[in-house]
Amino acid sequence: MRLYHETALRRQADEPTIKMLNLWHSLCKEKIGIPIEVMIGNRREHPQLKSTVGEVYTAFPVIIEGKIVLSLWLDSLSNVNSIIVTHEIGHWVLKLKGFRGMIYQPEKHCDIEILLNSMAHHPPLYALQRSLGHEPQIEIDSRADHDIKIFSKERETSKKQFRVKNALLLADDFLNCSSEKRMQLEEIVKRRHLNTARYLWKILSIASHYNLLNPKQNLRFSRKVIRKLKLGDEWYVADELEELIKMAKKTIK
């Protein structure tokens, strides 16, 4: 399992990616007190990620040789999509900017937890990317096209858990995709997934009352969705910034 230094990433990076990296370092110094290098690796060489089916892109902090780094795992290290790079780093920039996710205590990192946090954080993430010069709309609409194909073929599930998961996934599309894609999704949902649509409209109605680009309102939105969709009481607010600070302290001698 190899991780390559940030210099390798910077050598092939475009200007928006450089800006995202610089913003990450600036916030690390401000919030944590030390620089945290972004290192890149091929996820197919990672013990836990290599067996996952489909494309995988993710980032998370690790300690390498006594130093905390942000490990960025890409599906391939050739023909790297810079929009995806700033997307994954941007998730962590948002955490340093005060955006916080929700954790489901009985089953951490379950599908509903991941979909809820992605849905809530994608609007500010896309706004961040655009502010630095990257336009993610093609990637957003490509995902919507994939969901249009899936939901136009699949029958609606009878289980609430899967309806909720599908509603969270669709809400992510509805909040971010182009109006053309939104119209296509709406027609399919109304025609083939009426029970899922009830959860979807509820989520979108809640979203309309909050500014998702504001960290505090974003968190209030997630909590309201959990409450209104009756997703259980055993949720708590994640504090990844505090976890980063604890990791950093372990590496300071």
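Quick note: residue numbers are just sequence positions, from 1.
- Within the 3.5 Å criterion, the main-chain N or O of Ile226 finds no donor-acceptor partner in the side chain of Trp235.
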(request) Check the pair Lys67 / Glu65 against side-chain contact (heavy atoms from CB on, under 4.5 Å), numbers first and verdict last. (result) CA-CA 6 Å; Lys67 183 179 72 170; Glu65 297 179 352; 5.8 Å; no
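- Annotation: side chain of Tyr126 is in contact with side chain of Arg130 (closest heavy-atom distance under 4.5 Å).
- Grouping the Ile, Leu, Val, Met, Phe, Trp and Tyr side chains by contacts below 4.5 angstrom, directly or via other members, places Leu128 with Val38.
- One finds no salt bridge joining Glu240 and Arg100 here, because no Lys/Arg side-chain nitrogen approaches an Asp/Glu carboxylate oxygen to under 4.0 Å.
- The shortest non-hydrogen separation linking Arg155 to Arg192 is N-NH2, 4.1 Å.
- Looking at Asp145 and Ser142, their side chains never bring a donor and an acceptor atom within 3.5 Å of each other.
- Asp141 and Lys181 are not joined by a salt bridge, as no carboxylate oxygen comes within less than 4.0 angstrom of a charged side-chain nitrogen.
- Here the two rings, on Tyr57 and His87, have centers that are 6.0 Å apart or farther.
- Using modelled atom types, no side-chain atom of Asp147 and backbone atom of Leu169 make a donor-acceptor pair closer than 3.5 Å.
- Under a hydrophobic-cluster definition in which Ile, Leu, Val, Met, Phe, Trp and Tyr are linked whenever side-chain heavy atoms come within less than 4.5 Å, directly or via other members, Ile89 and Leu132 are assigned to the same cluster.
- In summary, the side chains of Arg198 and Asn195 do present a donor paired with an acceptor at a separation below 3.5 Å, with no hydrogens or angles considered.
- Follow the hydrophobic side-chain contacts under 4.5 Å out from Leu125 and you never reach Phe221; the two are in separate clusters.
- Between the NE2 atom in His121 and the CG atom in Leu94 there is a gap of 7.0 Å [rounded to 0.5 Å].
- One finds the CG atom of Leu77 at 6.5 Å from the OH atom of Tyr4 (value rounded to the nearest 0.5 Å).
- The residues Glu6 and Arg10 are annotated as salt-bridged, a charged nitrogen and a carboxylate oxygen being separated by less than 4.0 angstrom.
- Note that CD of Gln129 and CD of Glu139 are 9.0 Å apart. Values are rounded to the nearest 0.5 Å.
- Under the 4.0 Å criterion applied to side-chain N and carboxylate O atoms, Arg182 and Asp173 are not assigned as salt-bridge partners.
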**Message:** Does Thr196 form a side-chain hydrogen bond (donor to acceptor under 3.5 Å, both in side chains) with Asn166? I'd like the steps, not just the answer.
**Reply:** CA-CA 7 Å; Thr196 299; Asn166 287 339; 4.8 Å; no
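- A donor-acceptor contact shorter than 3.5 Å links the side chain of Ser118 to the backbone of Ile114.
- Residue Leu194 qualifies as enclosed at atom CG: its count of foreign heavy atoms under 6.0 Å is above 12.
- Judged by distance alone, the side chain of Trp92 and the main-chain N or O of Trp24 form no donor-acceptor pair under 3.5 Å.
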### Query
Run the side-chain contact (heavy atoms from CB on, under 4.5 Å) check on Ile32 and Leu241 step by step: do they pass?
CA-CA 8 Å; Ile32 303 172; Leu241 174 56; 4.0 Å; yes
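- By the neighbour-count criterion of 12 heavy atoms within 6.0 Å, atom NZ of Lys160 is densely surrounded, having more than that number from other residues, nucleotides or ligands.
- Here CD of Glu88 is found 10.5 Å from CE of Met20. Values are rounded to the nearest 0.5 Å.
- For the pair Ile34 and Cys28, the minimum side-chain heavy-atom distance is 4.5 Å or more.
- The backbone N or O of Ile148 sits less than 3.5 Å from a side-chain atom of Ser152, completing a donor-acceptor pair.
- Of the possible polar contacts, none joining the His5 side chain to the Thr7 backbone as a donor-acceptor pair under 3.5 Å is found.
- In terms of hydrophobic clustering, with Ile, Leu, Val, Met, Phe, Trp and Tyr side chains grouped at heavy-atom distances under 4.5 Å, Leu200 and Leu175 are assigned to a common cluster.
- Side-chain contact check for Val80 versus Val85: some heavy-atom pair is nearer than 4.5 Å.
- Defined by atom type and a distance below 3.5 Å, a donor-acceptor pair is missing between the side-chain atoms of Asn218 and Asn214.
- Listed for the Arg43 side chain is no donor-acceptor partner under 3.5 Å among the backbone atoms of Asp75.
- In this structure, Asp172 and Leu115 have side chains that are not in contact, with every pair of non-hydrogen atoms separated by 4.5 Å or more.
- Ring planes of His122 and His91: tilted class, angle from 30 to 60°.
- Under a 4.0 Å N-O distance rule, the pair Arg191/Glu187 qualifies as a salt bridge.
- Linking Ile, Leu, Val, Met, Phe, Trp and Tyr whenever their side-chain heavy atoms come within less than 4.5 Å leaves Ile103 and Ile112 in two separate clusters.
- The closest side-chain heavy-atom distance from Gln217 to Arg220 is below 4.5 Å.
- Closest heavy-atom contact between Asn81 and Ile83: OD1-N, 2.9 Å.
- Here the closest non-hydrogen pair linking Tyr104 and Glu113 is N-OE1, 3.0 Å.
- Across all their heavy atoms, Gly41 and Leu3 have their closest contact at N-CD2, 3.8 Å.
- Other residues, nucleotides and ligands contribute over 12 non-hydrogen atoms within 6.0 Å of the NZ atom of Lys19.
- A distance-only check finds a donor-acceptor pair linking the side chain of Glu135 to the backbone of Gln137 [under 3.5 Å].
- Nearest heavy atom pair, residue Ser158 against residue Arg163, reads CA-NH2, 3.6 Å.
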ask   = Would Trp73 and Ser71 count as a side-chain hydrogen bond (donor to acceptor under 3.5 Å, both in side chains) if you check the C-alpha gap in whole Å, the side-chain angles of each, and the deciding distance to 0.1 Å?
value = CA-CA 6 Å; Trp73 297 95; Ser71 62; 3.1 Å; yes
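- To the nearest 0.5 Å, the span separating CG on Leu168 from CG on Leu229 amounts to 6.5 Å.
- Counting all heavy atoms, side chain and backbone alike, Pro215 lies closest to Gly98 at CB-O, 3.5 Å.
- Counting only heavy atoms from C-beta outward, the side chains of Met102 and Leu116 approach each other to under 4.5 Å.
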**Request:** Would you please test Phe162 and Glu156 for side-chain contact (heavy atoms from CB on, under 4.5 Å) and show each step?
**Result:** CA-CA 9 Å; Phe162 292 106; Glu156 183 172 51; over 6 Å; no
